[in-house]
Amino acid sequence: MFTINPVDVALQNVRMQAGEDSEDDIKGHAAEWISNNRDLADSWLRAARLTG
């Protein structure tokens, strides 16, 4: 039901390879992505709630 821009995935992978690879780092990456893409993330949540 959703896709994430491959560039965003690649950028997160680079951060992990640079040492930001703890669970807290990854959660922070996710939180940052959601914050930067709030409208898109919210649209996914609305769609999921409708099909749930």
Sequence neighbours left out, cut at 3.5 Å: what donor-acceptor pairs do the side chains of residues 43-52 make with other protein atoms?
residue, atom, partner, partner atom, Å
Ser43, OG, Leu40, O, 2.6
Thr51, OG1, Ala47, O, 3.4
Thr51, OG1, Ala48, O, 3.2

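Take Asn37 and apply the side chain to side chain donor-acceptor pair (under 3.5 Å) test, not counting sequence neighbours, and it matches no residue. Taking the side chain to side chain donor-acceptor pair (under 3.5 Å) definition, one finds that Gln17 meets it with nothing, sequence neighbours left out. Scored by the salt bridge (charged side-chain N to carboxylate O under 4.0 Å, His left out) test, Arg38 finds Asp42 as partners (sequence neighbours excluded). Every residue was checked against the side chain to side chain contact (heavy atoms under 4.5 Å, CB included) condition with Val14, not counting sequence neighbours, and none meets it.
Summarising the hydrophobic clusters (Ile, Leu, Val, Met, Phe, Trp, Tyr; side-chain heavy atoms under 4.5 Å, direct or chained), the residues clustered with Val7 are Leu11.
Counting all heavy atoms, side chain and backbone alike, Ile34 lies closest to Ala41 at CG2-CB, 4.3 Å. A pairwise comparison of heavy atoms in Asp21 and Met16 identifies CB-O, 3.7 Å as the closest pair.
Legend: salt bridge (charged side-chain N to carboxylate O under 4.0 Å, His left out) pairs involving residues 3-17, not counting sequence neighbours, sorted by first then second residue: Arg15-Glu20, Arg15-Glu32.
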